Amino acid sequence: MSVTTRFAPSPTGHLHIGGARTAIFSWLLARHFKGKFRFRIEDTDLQRSKQEYTDSILASMQWLGLTWEGETTYQTKRMDVYSKYVDQLLASGHAYWCSCTAEEVDAMRERAKGLGLKPRYDGHCRELGLGPGEGRCVRLKCPLQGKVVFDDMVKGRISIDVAELDDMVIRRSDGTPTYNMAVVVDDHDMGITHVIRGDDHVSNTPRQILIYQALGFEVPTFGHVPMILGPDGAKLSKRHGARAVIEYQKDGLLPQALVNYLVRLGWSHGDQEIFSLEELVELFDGTHLNPSAARFDSRKLEWLNGHYMKKLPVEELARLTRPFAEDCGYGALSDERLQTLCTLFRDRARTLVELAASFAPMLKTADELEFDPACVEKQLNAEGRAHLEKLLPCFEQVVDFSPEPINEALKAYVEGQGLKFKQVAPPLRAAIVGYMGGSHLPDLMAFLGKEDSLARIRKAIALG
Ligand code: GLU
């Protein structure tokens, strides 16, 4: 099967997660069938479209790894192409000039409503044979009877009676094409075989199909993906995740986690939750798309992100964490130290922001270190401090202050006193890190060095 899909955002805002999910589905379908993925900027709304949004959408696509084939299409550069097709429809008798004013059309709609019908244009100019003229638009001559039927990839068969549609405007009186006209012409010219988009567009589809038919174009396959809802089942609010992709990027999410999460939100493969990109490309064939709206769960997204952070090679994790560490104001950090910190703290971090923030106590001096009050109460109590007092001379004797000898000293104390690690390690961790974070204690202490580690232990002892 030859497949060409596309993503066609309007640059009236940043790329949000709903749009990103549509883009990912379209991209995956193209990659699965070894087809093409195309990209189009729908910038005909001159008032609301902004270059900064186009740039931001392009940057988010790149960050997500959604590459496309061919040049980016801009609708504003194709006005004469749309015009040519409208002229073609006029010439073939599939469209006609209409001189009705907005007020007249409103009155027709009111009349229809009064009769209990759908508000619609009543076809006043349909057979008048008008030519071009000031203030005239062009309408499509829609069939008077029959149904528009299509098999949606997500929603199944959809059938609309043409009586529900009216002779839609395809060229406005100012000469610009309407949205439905431009989309059909573009999707045809770009060779699109599968249109995946949000289901806010499902009502446009029967209209677009009528334009395809009038132009004699092959109708593509459509898939309308339901909205993403908030955890409460209501419209997704900003607080619950209705945010732009760049905001997730700034929060320290990894693109592979966001891609994995968004694909699963609306598509399934049994119970599997974690998919590599290669797996997604292999498995995503446009089936198993969920027709009901999915609920956004930010905790699950963070859980997935934590998973991907653990799996990344540490060099890569450190490279990605560096800008976040810089934002924390830690100053210069060698690659080696940053990698060590990532190794020491990656297990509990769910985002790169959290990971970078968790380094803070390790990059302070013992003087600057602040103990978490809850930790002081629970771990640095009299019993905890008594252990620290006895541990101090053991660590003072360690000459080579590297993980192995530090571990030996700790072990000797624990075993020598007939204790358990879990009696000694928590107060030591509280003294060294200031809170109950980080991984293997001897590694943390070796990172700090002997002088600093001992100063921290002394400072904790002095709390008494
Ligand atoms: N430009 C439309 C939007 O951003 C998408 C239209 C389509 O995919 O057909 O909602």
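When a ligand or atom number is given, it counts from 1 through the structure's own listing order. Just so it is clear, the structure is predicted and the values come from calculations on it, not from any experiment.
Looking at Arg120, His124, Arg126, Arg139 one by one, the single match for side chain to side chain donor-acceptor pair (under 3.5 Å) with Asp167 turns out to be Arg126.
Residue Tyr179 touches ligand 1 through its side chain alone, judged by heavy-atom distances below 4.0 Å.
Both tests do not hold together for Arg6 against Phe37: distance to the six-membered ring centre under 6.0 Å, angle to the ring axis within 45°.
Listed by number with element, the atoms of ligand 1 under 4.0 angstrom from any heavy atom of Ser10 are 1 (N), 2 (C), 3 (C), 4 (O). Listed by atom number, the atoms of ligand 1 under 4.0 Å from Pro9 heavy atoms are 1 (N), 4 (O). Near Glu42, meaning under 4.0 Å from any of its heavy atoms, are these atoms of ligand 1: 1 (N), 2 (C), 5 (C), 6 (C). Atoms of ligand 1 lying under 4.0 Å from at least one heavy atom of His201, given by number and element, are 2 (C), 3 (C), 5 (C), 6 (C), 10 (O). Below 4.0 Å from some heavy atom of Arg6 lie the following atoms of ligand 1, by number and element: 7 (C), 8 (O), 9 (O).
Comment: Arg171 engages Asp87 in a salt bridge, judged by a side-chain N to carboxylate O separation of less than 4.0 angstrom.
Residue contacts with ligand 1: Asp200 is placed with no nitrogen or oxygen under 3.5 Å of a nitrogen or oxygen of the ligand (distance criterion only). Considering backbone and side-chain atoms together, Arg197 places an N or O closer than 3.5 Å to an N or O of ligand 1. In terms of polar-atom proximity, defined here as any N/O pair under 3.5 Å, Val183 makes no such contact with ligand 1.
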Extract all donor-acceptor atom pairs below 3.5 Å that involve side chains of residues 12-20 and protein atoms in other chains or at least two apart in sequence.
unit_1: His14; atom_1: ND1; unit_2: Ser56; atom_2: OG; d: 2.6
unit_1: His16; atom_1: ND1; unit_2: His14; atom_2: O; d: 3.1

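Below 30°, between 30° and 60°, or above 60°: for Tyr212 and Phe217 the angle between ring planes is above 60°, a perpendicular geometry. Ring planes of Trp267 and Phe284: tilted class, angle from 30 to 60°.
Counting only N and O atoms by type, the side chains of Gln339 and Asp335 include no donor and acceptor under 3.5 Å apart.
At the top of the distance list for atom 5 (C) of ligand 1, counting protein heavy atoms only, stands Ala8 O, 3.3 Å.
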